[in-house]
Undergrad: 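One structure, pasted below without further comment.
First listed ligand is number 1; within each ligand, the first listed atom is number 1. Starting from 1, each residue takes its place in the sequence as its number. Please read these numbers as outputs of a predicted model, since none were measured by experiment.
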Amino acid sequence: MMLDMSLSPEQQKVQQLARDFTAKYIIPVDREWDEIGEFHEFILEEVKKAGLNCMAVPGEYGGPGYSSVIQSLVAEEWGYGCAAFATTLGGNGLSSYPLAIAGTEDQKKLYYGHLVNGGMGGFALTEPNAGSDAGSCATTAKLEGEEWVLNGTKCFATTCGYASIIVVFASTDPGKGVKGLSAFIVEKEREGVIIGSVEHKMGIRSSNTVELLLKNVRIPKSHLLGKEGEGMKIAMKTLDMARPIVASLAVGVARRALDEAVRFAKEYLDVNGKPIGSHQAVGFKLADMSTQVEAARQLVRNALRLKDAGVPYTKEAAMAKTFATDAAMRVTADAVEIMGLYGYSQDAIVEKLMRDAKVTQIYEGTNQVQRIVISGILLNS
Ligand SMILES: Cc1cc2nc3c(=O)[nH]c(=O)nc-3n(C[C@H](O)[C@H](O)[C@H](O)COP(=O)(O)OP(=O)(O)OC[C@H]3O[C@@H](n4cnc5c(N)ncnc54)[C@H](O)[C@@H]3O)c2cc1C
């Protein structure tokens, strides 16, 4: 793939760094990670050495402080290599967004300090009975003197088995639904923080997804992010920031599937000895796949341009997430189809890409929820 000349020299440089990293460290082992399904811990050391581990942490706190455009460029490259790895790194970034939104100076120093010193972060909002409907959160936080006491069970918490610090959402006023939700910083080492079952998943198998149990976990009063009852606002702003990044990851997955399908269509011969790509039915499918990849990328750029300009971008972020992740699902399925039995075999990477693509339509708000967000803005403005 050519470098995108609409990018600044710095953006191109980081994009190329991530692309080279992906080719060297990720693509050679992506299939193996998927089969073993174990967390890809060893590679994180290399990510840290490359300076790409906590991209959102501002320079004054020891991070590279990369713009959201650069974060999205890197996420696309990670997605191209392995969506599980991209999810781990993306989740790390996402976990730090609440600090940018609502963190005090001391909270930022604490949280970002963990990340720049090599720790990982987690974001625990979802519960067994509170997924799309975060207002049903059953985890509680009660103030006792100078401490908050947290109790409850979170689930599907990415990287939390390995994270050293986690943003946890809990209800400080259970009768109030979403208005009673608050956000807290919880260090993993606190007594009562317990990692429960580990999820075995269809795709992104080497990302770590766990149950997080909180049993009388005591944290200082100062670990509340923002004010009591602002949890939902913080979560929604965090997801606005994260959705273009997930969309970029999905663009990467789709781009890889397209590249695999194009290569196959050029090399694989039909019964008459002609490459199957010479058939218009295959060529047109490739054309549609390529168009979807490019359209998805441009929707991401559009959302991030608005974000960087400081204007509302919730609708555009949701549109980018919906379109890119639906496109990733279609494009990966089309790649499997073009490659026939080779595509369906675990010898080819496209079956993994198809399994990995599915989760992007589900996490960070399902694509049904994205459509609720988009239509809500259309109908109420
Ligand atoms: C691999 C993985 C990693 C994850 N990592 C994290 C993480 O790190 N932190 C975290 O907090 N969460 C995480 N999640 C959870 C994820 O954000 C939720 O799965 C997601 O928000 C959807 O919630 P749910 O699965 O409970 O589905 P539900 O909310 O139960 O929804 C079930 C179905 O109903 C649909 N639906 C629900 N409400 C409506 C409605 N009003 N209108 C139309 N359709 C509706 C949904 O779209 C979906 O199709 C992760 C999930 C996965 C699969």
Undergrad: Please confirm whether Val369 approaches ligand 1 to less than 4.0 Å, judged on its heavy atoms.
TA: no
Undergrad: What residue and heavy atom of the protein are closest to atom 13 (C) of ligand 1, and at what distance?
TA: Phe156 O, 3.0 Å
Undergrad: Could you tell me whether Lys201 and ligand 1 have an N or O pair separated by under 3.5 Å?
TA: no
Undergrad: Going by the atom numbers of ligand 1, which of them fall below 4.0 Å from some non-hydrogen atom of Glu364?
TA: 17 (O)
Undergrad: Calculate, to the nearest 0.5 Å, the distance between atoms OH and CD belonging to Tyr66 and Gln71 respectively.
TA: 10.5 Å
Undergrad: What about Ser132: any of its N or O atoms under 3.5 Å from an N or O on ligand 1?
TA: yes
Undergrad: Side chain, backbone, both or neither: which part of Val359 comes within less than 4.0 Å of ligand 1 when only heavy atoms are counted?
TA: side chain
Undergrad: With atom 23 (O) of ligand 1 as the reference point, say which of Gly131, Ser95, Ala83 has the nearest heavy atom.
TA: Gly131
Undergrad: Side-chain contact test, heavy atoms from C-beta onward, threshold under 4.5 Å: evaluate it for Phe156 versus Tyr363 and give yes or no.
TA: no
Undergrad: Would you say atom 34 (O) of ligand 1 touches the protein, meaning some protein heavy atom is under 4.0 Å from it?
TA: no
Undergrad: Number the atoms of ligand 1 from 1 as they appear, then name those within less than 4.0 Å of a heavy atom of Ile372, with their elements.
TA: 40 (C), 41 (N), 42 (N)
Undergrad: For Glu260, is there an ion pair with Arg263 - N to carboxylate O distance below 4.0 angstrom?
TA: yes
Undergrad: Going only through I, L, V, M, F, W and Y residues with side-chain contacts under 4.5 Å, is there a path from Ile43 to Val253?
TA: no
Undergrad: I want to know if ligand 1 touches Leu125 in the polar sense, i.e. an N/O pair below 3.5 angstrom.
TA: yes
Undergrad: Tell me if the centroids of the rings in Phe169 and Phe123 come within less than 6.0 Å of each other.
TA: yes
Undergrad: Within the 4.0 Å heavy-atom shell around Thr158, which atoms of ligand 1 are there?
TA: 3 (C), 4 (C), 5 (N), 6 (C), 7 (C), 8 (O)
Undergrad: Looking only at distance, does Thr366 have an N or O less than 3.5 Å from an N or O of ligand 1?
TA: yes
Undergrad: If the threshold is 4.0 Å, N to carboxylate O, is there a salt bridge linking Glu76 and Arg297?
TA: yes
Undergrad: Less than 4.0 angstrom from a charged side-chain N to a carboxylate O is my criterion; do Arg218 and Glu144 meet it?
TA: yes
Undergrad: Less than 3.5 Å between some nitrogen or oxygen of Phe123 and one of ligand 1, yes or no?
TA: yes
Undergrad: Would you mind running through ligand 1 and noting each atom that sits below 4.0 Å from a heavy atom of Ile362?
TA: 19 (O), 20 (C)
Undergrad: Looking at Ile204, which atoms of ligand 1 are within less than 4.0 Å of one of its heavy atoms?
TA: 1 (C)
Undergrad: So if I apply the side-chain contact (heavy atoms from CB on, under 4.5 Å) rule between Met319 and each of Val373, Ile374, Val300, which one comes out positive?
TA: Ile374
Undergrad: So, His40 versus Phe85, ring centres under 6.0 angstrom or not?
TA: yes
Undergrad: When you look at Ser136 and Asp133, which way does the side chain to side chain donor-acceptor pair (under 3.5 Å) test go after all the steps?
TA: CA-CA 6 Å; Ser136 301; Asp133 177 19; 2.5 Å; yes
Undergrad: Report, in ascending order of atom number, the atoms of ligand 1 lying under 4.0 Å from any heavy atom of Thr126.
TA: 10 (C), 11 (O), 12 (N), 13 (C), 14 (N), 15 (C), 16 (C), 17 (O)
Undergrad: Can a protein heavy atom be found under 4.0 Å away from atom 25 (O) of ligand 1?
TA: no
Undergrad: Does atom 52 (C) of ligand 1 have any protein heavy atom closer than 4.0 Å?
TA: yes
Undergrad: Would you please test Glu351 and Arg31 for salt bridge (Lys or Arg N to Asp or Glu O under 4.0 Å) and show each step?
TA: CA-CA 10 Å; Glu351 67 83 29; Arg31 165 61 69 195; 2.8 Å; yes
Undergrad: Checking the N or O distance criterion of under 3.5 Å, is ligand 1 in contact with Gln368?
TA: yes
Undergrad: With side-chain contact (heavy atoms from CB on, under 4.5 Å) as the test, pick out the partner of Cys82 among Val29, Ile349, Ile26.
TA: Ile26
Undergrad: So, for atom 11 (O) of ligand 1, does the protein have a heavy atom nearer than 4.0 Å?
TA: yes
